[in-house]
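Report on one structure; see the data block that follows.
In what follows, chains carry the letters A, B, and so on, assigned in the order in which the sequence lines appear, proteins first and then strands, with residues in each chain numbered from 1.
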There are 2 protein chains.
Amino acid sequence: MDVTPRLREQACFAMYTASRAVIGLYRPLLDRLGLTYPQFLVLMALWETDGLTVTALGDALQLDSGTVSPLLKRLEAAGLVERRRESGDERRVTVHLTADGAALERQGCEIPQIVGSASGMSYEELIALRDKLNEFTEAVRGYQAAEPSPGRGAAS
Amino acid sequence: MDVTPRLREQACFAMYTASRAVIGLYRPLLDRLGLTYPQFLVLMALWETDGLTVTALGDALQLDSGTVSPLLKRLEAAGLVERRRESGDERRVTVHLTADGAALERQGCEIPQIVGSASGMSYEELIALRDKLNEFTEAVRGYQAAEPSPGRGAAS
DNA sequence: CCCGATTAGGTTGCGCGCAATTTAGTTGTG
DNA sequence: CACAACTAAATTGCGCGCAACCTAATCGGG
């Protein structure tokens, strides 16, 4: 018997692979809009709620400022969003769609459906898979919060 | 009613998030071995079958040479693997574990179990999730192979 | 044997993703 | 008011991940 877990048996590896596969499927579709998948996620968040702060965007996408800041810089350079320093609290920056950014919603919002149909799964299956993944993610985040540096007993 | 799909409703976004969450959980555990998650995957593949070619490794991990080559360079610099030009076909390079690389299996092979338990899911649930993800990935890859540049009707 | 096509692996360039740090603005306490 | 603690965003550095390209070796016809 083999004690070492095999690559193909790992649920984590399946997530890693599935994630890259789906982004690969998005790529040619998003290329025509001049977007990457993370950039598309930012726009989706803003189509839902315009004027989010950088931190709120990071929370929605589960990304930190080190990823979001340059991402927004590129979206701003592309003329799709605008950053405004808040007058109330000068530390905060809100992100707003430009007319071009808002206009992309029409073409952008149908892409997820294309990808969904490519999966060959029913709506119910996709929902169930999504919920299971979110359950997994939640549990993992909870564990991480509980064990800042796990494996070596208690903290000093 | 909102036609634009919301971030949280998307199965794809759940995969993207779950993948990063699980890698984040691996990170502190792998840090102690001086490894990243993709490097760990390479070692897992070699623990299973030593002496794979670069291409075979790429197939196992679903990564292309542009990713695998520098990854192997770092693993070789760390003294964990060795690259050998094949005598039969001088184009081929096989990757072999060093003693240090092989010795890491003892500590490395228990990490996936830690992560599995952190998910709070039963073994059966994880298997089911893994299979569903692999089914999804397969379907998506099949669709991609069938539609080289989708969305705009037939090729020229 | 020669030469075009194919294949294996590597390099370059760019956009993430994240840890660590920096800068600037705000808040809380005396 | 002063000043330390905190917070928001940006910057830096590094390792992927992938497209595009390059080089070298092999294969396949004629």
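- Across every non-hydrogen atom of A:Cys12 and B:Val115, the tightest pair is SG-CG1, 3.7 Å.
- Checking C:dG15, C:dG10, D:dC18 against the side-chain heavy atoms of A:Arg27 singles out D:dC18 as nearest.
- For D:dC14, the OP1/OP2 oxygens have no side-chain nitrogen or oxygen of B:Arg74 closer than 4.0 Å.
- Among C:dT26, D:dC18, C:dG15, the nucleotide with an atom closest to any side-chain atom of A:Glu90 is C:dT26.
- When heavy atoms are screened at a 4.0 angstrom cut-off, B:Gly58 is found touching no nucleic acid atom at all.
- Taking the side chain of A:Ser69 as heavy atoms from C-beta on, and the options D:dT11, C:dA19, C:dG15, the nearest nucleotide is D:dT11.
- Contact between the side-chain N/O atoms of A:Arg85 and the OP1/OP2 oxygens of C:dA24 is not found at any separation under 4.0 Å.
- Atom CG in B:Asp31 sits about 12 Å away from atom P in D:dG15, given to the nearest Å.
- In terms of polar N and O atoms assigned as donor or acceptor, the side chain of A:Arg91 never comes within less than 3.5 Å of the base of C:dT26 in a complementary pairing.
- B:Asp64 places its CG atom 12 Å from the C1' atom of D:dC21, with the value rounded to the nearest Å.
- Between B:Glu135 and B:Lys132 there is a salt bridge, with a side-chain nitrogen of the basic residue lying less than 4.0 Å from a carboxylate oxygen of the acidic one.
- The separation between B:Asp59 atom CG and D:dC18 atom P is 13 Å, rounded to whole Å.
- In this structure, CG of B:Leu41 is placed 17 Å from P of D:dG15, rounded to the nearest angstrom.
- Rounded to whole Å, the distance from OH on A:Tyr37 to C1' on D:dG17 is 16 Å.
- No more than 12 heavy atoms of other residues, nucleotides or ligands shown are found within 6.0 angstrom of CZ on A:Arg8.
- The side-chain heavy atoms of B:Thr36 and B:Leu71, taken from C-beta on, include no pair separated by under 4.5 Å.
- The nearest heavy atom of DNA chain C to B:Val68 and to A:Leu71 marks one nucleotide each, and the one closer to the 5' end goes with B:Val68.
- Side chain of A:Pro38, nearest nucleotide from D:dA25, C:dG10, C:dC16: C:dC16.
- With distances taken from any side-chain atom of A:Thr67 to the nucleotides D:dC16, C:dG17, D:dA19, the minimum falls on C:dG17.
- When each of C:dC18, D:dG15, C:dG10 is scored by its nearest atom to the side-chain atoms of B:Gln39, the top-ranked nucleotide is D:dG15.
- Counting to the nearest Å, the P atom of D:dA8 and the CG atom of A:Leu57 are 14 Å from each other.
- Both A:Ala56 and A:Tyr16 sit near DNA chain D, but only A:Ala56 has its closest nucleotide nearer the 5' end.
- Distance from the side chain of B:Leu63 is smallest to D:dG17 among D:dG17, C:dT26, D:dT26.
- Distance CD (B:Glu86) to C1' (D:dT26): 15 Å, rounded to an integer number of Å.
- Among D:dT26, D:dA8, C:dC18, the nucleotide with an atom closest to any side-chain atom of B:Arg20 is C:dC18.
- A:Ser117 contributes a side-chain N or O that, together with a main-chain N or O of A:Ile114, makes up a donor-acceptor pair within less than 3.5 Å.
- We find that CG of A:Leu75 is positioned 12 Å from C1' of C:dG15, with the value rounded to whole Å.
- Checked against D:dT11, C:dG10, D:dG15, the side chain of A:Ser65 finds its nearest nucleotide in D:dT11.
- For the pair B:Thr53 and C:dA8, the criterion of a side-chain N or O lying under 4.0 Å from OP1 or OP2 is not met.
- With no hydrogens or angles considered, a side-chain donor-acceptor pair links B:Thr94 and B:Glu86 at under 3.5 Å.
- Taking only side-chain nitrogens and oxygens, A:Lys73 comes nearer than 4.0 Å to OP1 or OP2 of D:dT11.
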